[in-house]
Asker: 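There's a structure below that I have some questions on.
All chains are named by letter (A, B, ...) in the order of the sequence lines, taking the proteins before the strands, and each is independently numbered beginning at 1.
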Amino acid sequence: MLDEKLLRRDIHHVAEQMRRRGIELDVVAFNELEAHRKDLDIRLQALQAERNAAAKKIGELIKGGMAVEEAKKQQAEQQKSLEQQLESVKKQQADVRLQLDELLLSLPNIPASDVPDGDDESANLELLRWGQPKNFEFAAKDHVDLGERNGLLDFELGSKITGSRFVVMRRDVARLHRALIQFMLDLHINEHGYEEVYVPFMVNTASMTGTGQLPKFAEDSFSLATDSGTEFYLIPTAEVPVTNIVRDTIIASQDNPDLGELPLRFVCHSPCFRSEAGSYGRDTRGMIRQHQFEKVELVQIVRPDESPQAHEELTGHAEKVLQLLELPYRKVSLCTGDLGFSAQKTYDLEVWLPGQQAYREISSCSNFADYQARRLHARWRNPTSNKPELVHTLNGSGLAIGRTLVAVLENYQNADGTISVPESLRPYLGGRESLL
RNA sequence: GGAGGGGUGGCAGAGCGGUUGAAUGCACUGGUCUUGAAAACCAGCGAAGGUGAAAGUCUUCCGAGAGUUCGAAUCUCUCCCCCUCCGCCA
């Protein structure tokens with residue numbers, strides 16, 4: 001959520017920034033709504049002050065020895081007209097508030113100044129390429145064909161058990177999948193200083209709203225209705241439960257000793273569930289786009305002045321995984337048109353997939369600045385002002401496990417259909433040098 | 001699933017219809033004292049918002065929502081969450 005005060009103070013600046021994202025903000029409508037809001041607020045407060053004073057007066061009269069009924073009678077007439085006015089103003093105010101909130105929730109984050117302008121992914125800015133795509137001396141297969149051998153990667157079983165976009169992995173592939181998780185967790189915990197957390201994979205609406213999945217993107221997630229009518233959601237990413245750790249809290253060493261001091265760095269392995277509504281027909285082959293996949297997620301909660309630096313570092317942590325696995329990748333800065341709703345700035349890491357002869361997204365690292373924190377009500381006590389101020393939140397995949405598995409299978413395939421094991425992964429596979 | 005207890009400021013914890021936005025303690029900030037620190041003592045210290053040049057002033061907030069009342073942190077109802085005991089269970 002954007003700062004309402006910013007809209008009041010400089011609506012034209014906000015409109016200009018929204019235009020970078022291809023969104024036309026109706027300045028005139030906002031100004032009208034805002035003027036209306038202000039007028040109603042002032043009137044309501046004045047009426048409430050009058051009502052409070054009248055009630056207090058009755059209390060004083062009674063204390064002064066007047067009979068209760070007598071005291072009430074004295075204020076009755078004024079009381080009645082006040083109540084009527086209050087009711088009417090309240091109703092109007094609620095209506096305006098609703099419209100204002102709706103508008104506010106519909107506005108995405110303001111892109112950072114160095115985010116390239118553009119309409120779609122074709123305007124994304126490539127920042128670097130790492131590694132050389134391998135030239136195979138045979139026809140490189142994609143992961144579906146590779147995994148087909150011995151039924152190690154079985155999409156038909158997945159759809160029998162559940163439906164399309166689900167998979168069953170067996171033996172070496174299942175083990176490779178698990179090894180990747182452990183490898184990434186160990187790297188981030190031991191080398192990059194993240195704290196390991198385990199969290200719920202079902203969350204409530206407050207958590208989904210806090211990180212921005214609701215209300216706008218409800219159709220992207222799976223929801224579960226419970227008997228009592230409360231609604232839970234299967235997490236679309238660990239970002240949701242992990243970032244919500246700091247919802248409604250003030251982070252400071254003395255106040256919340258359990259949480260610790262900023263920066264908070266969490267790493268969390270979790271399954272992710274996505275409905276993928278609207279992507280029918282896209283990536284239907286293989287496990288690039290599944291309803292259920294695993295991810296090792298990096299989340300940082302930092303001081304506002306430190307978030308750009310933290311964003312670079314976090315992205316570097318994700319890159320390190322690819323480098324250690326010796327997977328060729330490129331790093332792009334998403335343009336304004338491709339930037340996620342809540343993000344101020346995002347780097348995507350795209351891994352080379354020989355089966356597709358293309359770079360495909362394997363990690364997305366974003367700085368949300370205070371956009372998520374405002375909704376989450378996540379603050380810290382700034383020692384210089386001694387006041388609670390909003391924190392900055394960041395997250396990134398480090399990495400998506402399913403897609404990493406695909407990348408390893410495809411990049412490390414041999415002519416005979418076996419898969420060589422990247423050196424840094426061997427300790428996690430009992431020292432084995434090849435699979436399948 | 002059954003039976004109880006409870007949700008109050010950064011934390012702990014009083015208040016249970018009328019200057020209570022809330023005692024007290026801890027923490028925090030400033031000061032006195034001290035060579036310095038600690039201790040002690042004094043003072044300040046919740047959040048969000050409106051208005052104002054500022055001092056100030058007004059509104060809202062005691063888990064959430066609805067109700068009773070002239071007036072609610074305090075009474076009633078619904079929901080959410082936490083704790084204890086019993087049952088069941090990986």
Asker: With rounding to the closest Å, how many angstrom separate the P atoms on B/G25 and B/C83?
Answerer: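 Going atom to atom, P in each nucleotide, I get 30 Å.
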Asker: Could you identify the nucleotide paired to B/A22, looking across every strand shown and requiring Watson-Crick or G-U wobble geometry with both distances under 3.5 Å?
Answerer: none
Asker: For A/W380 and B/C28, give me the distance from atom CH2 to atom C1', rounded to whole Å.
Answerer: 15 Å
Asker: Using atom CZ of A/R381 as one end and atom C1' of B/A47 as the other, report the distance to the nearest whole Å.
Answerer: 10 Å
Asker: Among the candidates B/U51, B/A47, B/C70, find the nucleotide nearest to the side-chain atoms of A/I58.
Answerer: B/C70
Asker: Can you tell me how far P in B/G15 sits from the matching atom in B/U74, rounded to whole Å?
Answerer: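 Their P atoms lie roughly 14 Å apart.
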Asker: Searching all strands shown, indicate the nucleotide that pairs with B/G56 (Watson-Crick or G-U wobble; both distances under 3.5 Å).
Answerer: B/U51
Asker: Over 60° means perpendicular and under 30° means parallel, so tell me whether A/F222 and A/H291 are parallel, tilted or perpendicular.
Answerer: perpendicular
Asker: Just distance, no hydrogens or angles: give the donor-acceptor pairs under 3.5 Å from side chains in residues 151-161 of chain A, sequence neighbours left out.
Answerer:
{"unit_1": "A/D154", "atom_1": "OD1", "unit_2": "A/E156", "atom_2": "N", "d": "3.1"}
{"unit_1": "A/D154", "atom_1": "OD1", "unit_2": "A/L157", "atom_2": "N", "d": "2.9"}
{"unit_1": "A/S159", "atom_1": "OG", "unit_2": "A/F155", "atom_2": "O", "d": "3.2"}
{"unit_1": "A/S159", "atom_1": "OG", "unit_2": "A/E156", "atom_2": "O", "d": "3.1"}

Asker: With a 4.5 Å heavy-atom cut-off, do A/M169 and A/R178 have their side chains touching?
Answerer: no
Asker: Under a 3.5 Å cut-off for both distances, is B/G46 Watson-Crick or wobble paired, and to whom?
Answerer: B/C61
Asker: Mind checking the P distance from B/U69 to B/C86? Whole angstroms is fine.
Answerer: 45 Å
Asker: In Watson-Crick or G-U wobble terms, both distances under 3.5 Å, what is the partner of B/U84?
Answerer: B/A3
Asker: In whole Å, measure the gap between the C1' atoms of B/C75 and B/C62 for me.
Answerer: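 Approximately 16 Å lies between the C1' atom of B/C75 and that of B/C62.
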Asker: In whole angstrom, what separates A/I250's CD1 from B/A47's C1'?
Answerer: 8 Å
Asker: Report the distance from atom CG of A/D39 to atom P of B/G49, rounded to the nearest whole Å.
Answerer: 20 Å
Asker: Between A/S307 and A/N367, is there a side-chain donor-acceptor contact under 3.5 Å, judged purely by atom types and distance?
Answerer: yes
Asker: OP1 or OP2 of B/G49 sitting under 4.0 Å from any side-chain N/O of A/K5?
Answerer: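 For B/G49, OP1 or OP2 has a side-chain N or O of A/K5 closer than 4.0 Å.
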Asker: Given the P atoms of B/A12 and B/G63, what is the spacing between them in whole Å?
Answerer: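 Their P atoms lie roughly 14 Å apart.
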Asker: Sticking with atom C1', work out how far B/G13 lies from B/A27, rounded to a whole angstrom.
Answerer: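 So the two C1' atoms sit 14 Å from each other.
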Asker: For the C1' atoms, the ones on B/A22 and on B/G31, what distance do you get once it is rounded to whole angstrom?
Answerer: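 My reading of the C1' atoms in B/A22 and B/G31 gives 27 Å.
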Asker: Between A/E24 and A/R19, does at least one N-O distance fall below 4.0 Å, as a salt bridge requires?
Answerer: yes
Asker: Could you tell me how far apart A/N204 (CG) and B/C79 (P) are, to the nearest whole angstrom?
Answerer: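 For the pair A/N204 CG and B/C79 P, the rounded distance is 18 Å.
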Asker: Find the partner of B/C41: check Watson-Crick (N1-N3 plus N6-O4 or O6-N4) and G-U wobble (N1-O2, O6-N3) distances, both under 3.5 Å, and reply none if neither fits.
Answerer: B/G31
Asker: Of A/D41 and A/A55, whose nearest nucleotide on RNA chain B comes first from the 5' end?
Answerer: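 In this pair, the answer is A/A55.
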Asker: Which residue, A/E313, A/E297, A/E196, A/E306, forms the salt bridge (Lys or Arg N to Asp or Glu O under 4.0 Å) with A/R265?
Answerer: A/E313
Asker: CD1 of A/I42 versus C1' of B/U57: gap in Å, rounded?
Answerer: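 Result: 13 Å.
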Asker: Using a heavy-atom cut-off of 4.0 Å across all strands, would you classify A/R37 as base, sugar-phosphate, or nothing?
Answerer: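 Sugar-phosphate only.
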Asker: What interatomic distance, in whole Å, is found between C1' of B/G21 and the corresponding atom of B/A48?
Answerer: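 Looking at atom C1' only, B/A48 and B/G21 are 13 Å apart.
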Asker: Checking salt bridge (Lys or Arg N to Asp or Glu O under 4.0 Å) for the pair A/R97/A/E102: CA distance, chi angles, key distance, verdict?
Answerer: CA-CA 8 Å; A/R97 191 67 256 170; A/E102 211 167 281; over 6 Å; no
Asker: List the protein contact pattern of nucleotides 59-67 of chain B with one symbol per nucleotide (5' to 3'): B for base contact, S for sugar-phosphate-only contact, - for none; contact means a heavy-atom distance under 4.0 Å.
Answerer: SS-------
Asker: CG of A/D3 versus C1' of B/A48: gap in Å, rounded?
Answerer: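 It is 12 Å, rounded to the nearest whole Å.
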Asker: Between atom CG in A/D248 and atom C1' in B/A47, what is the gap in whole Å?
Answerer: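 These atoms are roughly 12 Å apart.
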Asker: Should the ring pair A/H192 and A/Y194 be called parallel, tilted or perpendicular, given that the plane angle runs from 0 to 90° and is split at 30 and 60?
Answerer: perpendicular
Asker: Do any side-chain nitrogens or oxygens of A/K38 fall under 4.0 Å of OP1 or OP2 in B/U51?
Answerer: yes
Asker: Under a 4.0 Å N-O cut-off, is there an ion pair linking A/D305 with A/R303?
Answerer: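 Salt bridge: yes.
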Asker: Taking any strand in view, what nucleotide pairs with B/G17 in a Watson-Crick or G-U wobble way, both distances under 3.5 Å?
Answerer: none
